[in-house]
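Working notes for the structure below.
When reading the values below, keep in mind they use all heavy atoms of this one structure, side chains included, and skip hydrogens, waters and symmetry mates. Being a predicted model, the structure only gives us computed values, none of them experimental. For the single chain, residues carry numbers from 1 onward in sequence order.
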Amino acid sequence: MTSDPLLALRPWESPEVTSWGRLPMNAVDRRPGALPLDGDWRFQLLSAPDAPVGGDWGSSYVPGVWTMQGTDDLPQYTNVRMPFPDFPPGSPDANPTGVYEREVDVPTDWAGRRIVLQVGAAESVLLVHVDGKPAGLSKDSHLAAEFDLTDLVRPGERSVLRLTVVKWSDASHIEDQDQWWHGGITRSVLLYATEPLHLADVTVRARQNGELRIDCQVRDTRGALPAGWYVSGELEDRLLTQDREFDRVNIEDDRVSDFLGEARLHATVPEVRTWNAETPELYDLTVRLHHSDGTVADTSYHRVGFRDVEIVGRDLLVNGERVYIRGVNRHDFHPLTGRAVSYEDMRADLVLLKRFGFNAIRTSHYPNDPTLYDLADELGFYVVDEADIESHDHAHEIADDPRYLNAFVDRVSRMVLRDKNHPSIIIWSLGNESDYGANHDAAAGWVRRHDPTRPLQYEGAAKLDWAATDDASDIACPMYAPLEDCVAHALSGRQTKPLIQCEYSHAMGNSNGTLADHWAAIESTPGLQGGFIWEFWDHGILQRVSDGRPVGRAGAGLYDNGVAAPGHRWAYGGDFGETIHDGAFIADGVVFPDRTPKPSLYEHREIAAPVRIEAFKHEGIVLGNHQHFRGLDWLSGTWELALADGRTLTAPAALPDLRPGETAAVPLPFEVPRDGGEVWLTLRVTVAEEQPWAPAGTEVCVPQIRLRGPAERADTVVDRPVEVDGEGLLIHPLLTVAPTLSLWRAPTDNDELGGMALRWRTWGLDSLVRKVVSVREDGGRVTVVAEYAGTTGVVRHRQVLTPVEGGVRIDEEAELPAEFDDVARVGSVFETVPGLDLLDWFGQGPWESYPDRGAGAPVGHHSLPVDELFTPYLRPQESGGRHGVRRFTLSAPDATGLAVELDAPRQVSVTRHRAADLTAVTHHDELVPRAGCVVHLDAAHRGLGTASCGPDTFPEYRIAAGVHHWSWTLRVL
Ligand code: IPT
């Protein structure tokens, strides 16, 4: 038995105990005067919370997790499964417990003041001791805990502060989010002081019509409140001095009991500049608590956004507008720290999201650092603020378990108490993947009473019936629902509430197929309002390959452009020797672990385009403003006309003055040549006036329209034999491997987890055996018939090689038996000699694109070094494709090389890797690039879909059995 009362409670296995000695959560924001306690602390890792603390101290950086700082307790990744077998509320006996200690010199001038310790976040149980005396206890790994240390420290003296952090607990069972497990202190620690008379809470409500209401709670730690205290507010000097209405801001209605003072300030701001995600106007507000003589006792700073959120019928409205929710799920993640994120990190995340057209964030699956919401207010995002509750593995048992009731209400209410003043937060979420039970209803009841100004959502409640009106969700917020189900619901006449998917379009590996189809449906179906892509990050941890350890904070600069430096890799589940793990399922974001955008982000950017080309009409190009609140004045444009002959003409574009929803025709600045093949018009839209998230010149979108279709392809057949070998394979000076049939791609994560890859392997598509049937020569022309045998079927393939001016035309036909329905690709693959390192193409680009993910890649003339075509997905897979390619050249620096012309826009990829090279390895760093190029050109290529978690690609992007034709011409440059 321990004599320490904090340990005697065994709080790590007592879900009823959520805190002891912790101050109530509040939204008071005092900036100056705090004593930061971040930095290196003395540290030791115990094997269990009740193991004795020894004398052997190392050190650990705060904020940070010890799992990334050189201990033997390493990161572990599991999704649904708990990493230990104990049933809730149990935890394993082997329970890493970090003891952090440091001295604190309490400032002399804090004498007589109330002294508060704030621990930003610790996972999962925090115990606080000061000079060996217990000071408090807290749970909830993603909210701050504050403790009143006034009676435990002495101003002018030094105290020893000890923070003990227990990794596994009853709370772990409700923090079973799909991410790495760590242990440590992930947000800043600080000490601050106030007068005993202080602001206990401030609630700001600011409405679209300019009404401002500020409710203050006042307390005095000495007991009864002193007589005569009052509160004042200052909303930007200009308004205070200029606006008579506002001048009267004062205590209008103060109800004072002996120990809890309540005061309300009122004002109406005339001609208020309202807040929305496009124009996030904020007003500085300072709230002051005064002594009776007017001196200031306490101050709280706020940035106020005037806006309304409401649900009317089945629409979620912001300031009366039905806004589209172009959202993403974001975790706190960093490849070097694991979970601790700095202001700069959070800002960089949000800036990037703005640049790629996102306007909403779900804080999956826990409250974020308060700074994130400040940034969302400032940069303009609609936020779904989610409570730290996910009991995925034992969801059903916990949702109704009364022992966890307190924890549910505690976590939800503390989030709301902390974050209620942020205009960016438009919806509260009760958590994630925790089934639905009485504990949720209890938390929902608390929120609805405390903050009736925002809707509440919870996927677990809404999923039972999207139309239910008596559950804990005001929004139908399914995850990964088939698009047709969403559309059917919206058209059913049964819809009662907004339908906004809390997760959709799973971004694992090469993914996000059909995103444009989703948005076409959303924008054309009343009742559908958007959703949140899963997810922002690939959570790859930077790992040294030699010893398998996380590199940690010293790793800055050891990665570039999505790729880890030699000797390093992005670790995913299993890479730290974990036996229980969920592999690469943790690498499912739209950015790489170093925040490099994946190609799918360009797709999203285009889908979210604020200005679009609606049509080409006789009076000109019709442009439309697709924003909700802004004009086009912050944008500028350049027209580009891509001609099939290789030229691109440009001209400045004057964007019309359009209000949201309006369209107007503008004259076409070019003469379109009468003939000469395809003509594509692109409007390159950039930021004209610097935005807080983008300098002038930043590209915003590239809407495009085809002005004329392709010309007939004409080859002149010449009298020259085509050379083939005894197997009927083309002999060509620039090819090291002759063109053969390919039906296989290195499976994407979607192919693997969706079961397609297994089917393809079972059919033997990864190892087709070619057998030549006949080689017939007819003049210079050669016809080769071959059979490609899999394990369950045979494909008959015919290649007609015709000598044409400058090269050879290859007409191909493949007949897929009925069993080979829905294959990865049907096309040709060949390999080139080394040295052809530059790809120039006319087709979609420059980004990687696929049949169901091509909206962000306009048709034009593009050029990239071959080494830059490949996308380094963490687990190697099909990558680097370009859709809609009409022709390309592969050339050496001296402009020699080969040219390919295709019969129709086709999927083409040029990489350094065979499909078999990609499937043979598990991490990108193991790939050895080939010297030549591996070229695929496909008659048909299967869409990407999102089947690793959610719907597969649509039938129109799958490949049917039967006969496929394609034709291409190979020339020497
Ligand atoms: C869903 C989770 O909410 C999310 O955290 C993540 O795991 C995502 O899926 C997949 O990456 S839960 C899933 C079982 C539908």
**OP:** Using distance alone, with no hydrogens and no angle criterion, decide if W537 and E535 have a side-chain donor and acceptor under 3.5 Å apart.
**Re:** no
**OP:** Determine the sole option in T716, V717, T969 for which the side-chain contact (heavy atoms from CB on, under 4.5 Å) test with E805 is passed.
**Re:** T716
**OP:** Check the pair W968, E812 against side chain to side chain donor-acceptor pair (under 3.5 Å), reporting the backbone distance first and the verdict last.
**Re:** CA-CA 8 Å; W968 49 292; E812 310 205 43; 2.8 Å; yes
**OP:** Look at the rings of Y788 and H797 and say which category their plane angle falls in: under 30° parallel, 30 to 60° tilted, over 60° perpendicular.
**Re:** perpendicular
Subject >> Salt bridge flag under 4.0 Å for residues D952 and R942 >> reply: yes
Original post:
Just by distance, with hydrogens left out, do D749 and Q877 show a side-chain donor and acceptor under 3.5 Å apart?
Top reply: yes
Original post:
Centres of the F820 and W760 rings: under 6.0 Å?
Top reply: no
Original post:
Would you call the rings of F356 and Y602 parallel, tilted or perpendicular, where under 30° means parallel and over 60° means perpendicular?
Top reply: perpendicular
**OP:** Test Y572 against every option in H581, H539, H923 by the ring pair (Phe, Tyr, Trp, His ring centres under 6.0 Å) rule and name the one that passes.
**Re:** H923
Original post:
If you measure only the distance, is there a donor-acceptor pair under 3.5 Å linking the side chains of N510 and S879?
Top reply: no
**OP:** Check the side chains of S849 and R882 for a donor-acceptor pair under 3.5 angstrom, ignoring hydrogens and angles.
**Re:** no
**OP:** Check whether the side chains of S511 and R853 place a donor and an acceptor atom closer than 3.5 Å, and report yes or no.
**Re:** no
**OP:** To the nearest 0.5 angstrom, please state how far the CZ atom of R886 sits from the CZ atom of R906.
**Re:** 11.5 Å
Subject >> Working for ring-ring contact (aromatic ring centres under 6.0 Å, His included), residues F592 and W570 >> reply: CA-CA 9 Å; F592 285 95; W570 299 127; 8.3 Å; no
Subject >> Between T748 and N750, a side-chain donor and acceptor under 3.5 Å >> reply: no
Original post:
Salt-bridged, R809 to E901, with N to O below 4.0 Å?
Top reply: no
